[in-house]
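Before any comments, here is the structure.
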Amino acid sequence: MTQRTNDHLIIAGKTFSSRLLMGTGKFASKQTMREALVASGTEIVTAALRRVNLDQPEDNLFNFIDAKRYLILPNTSGARTAEEAVRLARLARAAGMPNWIKLEVTPDPRYLLPDGTETLKAAEILIKEGFVVLPYINADPILAKKLADLGTATVMPLGSPIGSNQGLQTIEALKIIIEQATVPVVIDAGIGKPSDAALAMELGADAVLINTAVATAGDPVLMAIAFSDAVRAGRAAYLSGLPERQTTADASSPLEWLSKTSVTVK
Amino acid sequence: MVKQDKRDRKMSFTKTLAELDLEQINAKLCSTADKNISLLCKKNQLSYTDLLALLNPKAIELLAQLARRSEQLTRQHFGRAIHMYAPVYLSNECTNNCVYCGFNLEQAFQRKTLSVKEMETEFEVLKNQGFDHVLLLTGEAPLKVDLTYLESAVSLASKFFAQVSLEIYPLGTEEYKRLVNAGASGLTIYQETYDRAIYKAVHLEGQKADYEWRLAAPERALEAGFRKVGLGILLGLADWRLDAAILATHAQYLMKKYWQAELSLSFPRISKAPENFASHVPVSEQDLVQMVFAMRLFLPEINLVLSTREGAILRDNLIGYGITQISAGSKTNPGGYQELDTLEQFAVEDARDLTEVISAVNNKGYDIVLKDWDRTFQGVTCR
């Protein structure tokens, strides 16, 4: 598929050609993960700090992600409060990791839904400390605006709960977030199928983040390719200007009667 | 000694349990009417009645279908990752008389409680093997293994491991808080059986004979700030179907009341009953497997644990089919990893070491997670 060469994703001043961000959890092996990342064409890869041995970061997950090839985006998954998320981010930076942070505060271990209040609190602290903050949020347009006002690099609203593969259940709120956005909107969580990703991009999302759908696919590499194609197709459709969907058939003009009247409208 | 204040007594699953219509539950568990198991394998959220149908003997006919659904849900919620931990027995001192247990007070053997130096050696051995999550276990002998001892064990273990959990005798909320502050993040406490009559009959002496005190322990632990709580039933004491059905309500109760808690369930099985344990109700591997699938379908987001009490064949075959946490290379005697000659609580059925188990899990297409959290993220530092 050809792609407009000048269409780039820009986050916090950095330019990316791929609009597909990838997660690294839930894979059968580090090798499969690495192959899927390559196949996806992604340039931004997120990984859970809680799985990393911070005393020896080279000894862990990050060792399997080529830092020259990808921007590594450490995430605070597992944090249940702003305080914990901030502590995770600081520990990561102290261990020499990038100062980009995917902020996740998920106090509920069942659905892993993000806590808006705590996310806002943590974002404020981390931005002041010089972090580039990419917050994972519920599809809440007001929260998205507040975070962007604080200076987050993106907003990352969910389509449906993490790992649920339910697609864009929050579509109406996502449309509002996209419409009002002043920072890139990355649809995180819940995207189960390439068609969901294509839909997100058609709506005008700047990027999508995929993990479970690729990691748990029968063939993760093939699924990564499918997502990559879907993201590009959706983006191309968005840029081409999608025709509005009509709800009723519209055969004739509502002003047709005018031409039939004997009175000439002046 | 453990303080049992009024508040500790009051908050409890006891009320919910008292309101359960056990006769009706039992009737559904035994009913011979046909169950539409195929339909249950397609439903997104199962009702309690659905769970009872899955625990019913009739569900065995469609066990393969349950297995596939269980695999699907586990993969969706947990991915291809299996969490690993190692148990560390600190002491086999015990003042309880539980007829099924190798540590009960009537067993005449030299008791052992690890010294600080011995604990350190145990931790070193395990850390060098690659473990980063340990479960510290004791019997119930509060005079010999008191809170101060437990606190120092947790503090010491925290210097070695990212996560320290405990499986100890029930304590009060304030005591639990001290262990959380020392660095413990998880607490495992099994009710063993929810059947009061059988509970009484198998717990002859000691603090453990107090059913209610144990029943409310998970709540006290969660009030105290433990992030993870493990519940369980000991298979072989009572009717496993009814116990599993009540265990599920216990988990649901805790998930609603303590919505931030991460829960896990275990189903240790008594495979070889001690000589003086005449009332052993054997539970087959097929029963165990049915229960694992039923629990996974009913509670898709909950962790299910399988220890080395089970053999390699069963363990390997359940990887990906509901189980999300396992142990490996376990020793069930105090000082076992440094090869002290002490009595073990039970004989492990899967004697493979960590490397062997990791390779078996990898061969199944799953990855092992050795580290998943760090108590330093909570602001607890080593002392």
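Just so it is clear: chains get the letters A, B, ... in the order the sequence lines come, proteins before strands, and each one is counted from 1.
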To the nearest 0.5 Å, tell me how far B/L299 CG sits from A/R110 CZ.
7.0 Å

More than 12 heavy atoms of other residues, nucleotides or ligands under 6.0 Å from OH of B/Y366: is that the case?
yes

Can you list the residues of residues 207-220 of chain A that sit under 4.5 Å from chain B, counting heavy atoms only?
A/T212, A/A215, A/T216

Apply side-chain contact (heavy atoms from CB on, under 4.5 Å) to residues A/Y111 and B/E301 and explain how you reach the verdict.
CA-CA 8 Å; A/Y111 295 102; B/E301 310 93 357; 3.8 Å; yes

Apply side-chain contact (heavy atoms from CB on, under 4.5 Å) to residues A/R80 and B/E262 and explain how you reach the verdict.
CA-CA 11 Å; A/R80 294 183 185 177; B/E262 199 178 311; 3.7 Å; yes

So what's closer than 4.5 Å to chain B heavy atoms on A/T81: side chain, backbone, both or neither?
neither

Does the side-chain contact (heavy atoms from CB on, under 4.5 Å) test come out yes or no for B/V369 and A/R51, once each step is laid out?
CA-CA 8 Å; B/V369 175; A/R51 297 251 164 106; 3.5 Å; yes

What closest approach, in Å, do A/A28 and B/G365 show between heavy atoms, and which atom pair accounts for it?
CB-O, 3.0 Å

Which pair of heavy atoms, one from A/P109 and one from B/W259, lies closest together, and at what distance?
CD-O, 3.3 Å

If you look at every heavy atom in B/D367 and A/F27, which pair is closest and at what distance?
CB-O, 3.6 Å

In terms of heavy-atom proximity below 4.5 Å to chain A, should B/A261 be classed as side chain, backbone, both, or neither?
backbone

Do other residues, nucleotides or ligands put more than 12 heavy atoms under 6.0 Å from the NZ atom of A/K146?
no

Should the heavy atoms of other residues, nucleotides or ligands under 6.0 Å from CG of B/N44 be counted, would the total exceed 12?
no

Donor-acceptor pair, side chain of A/K26 and main chain of B/A81, under 3.5 angstrom:
no

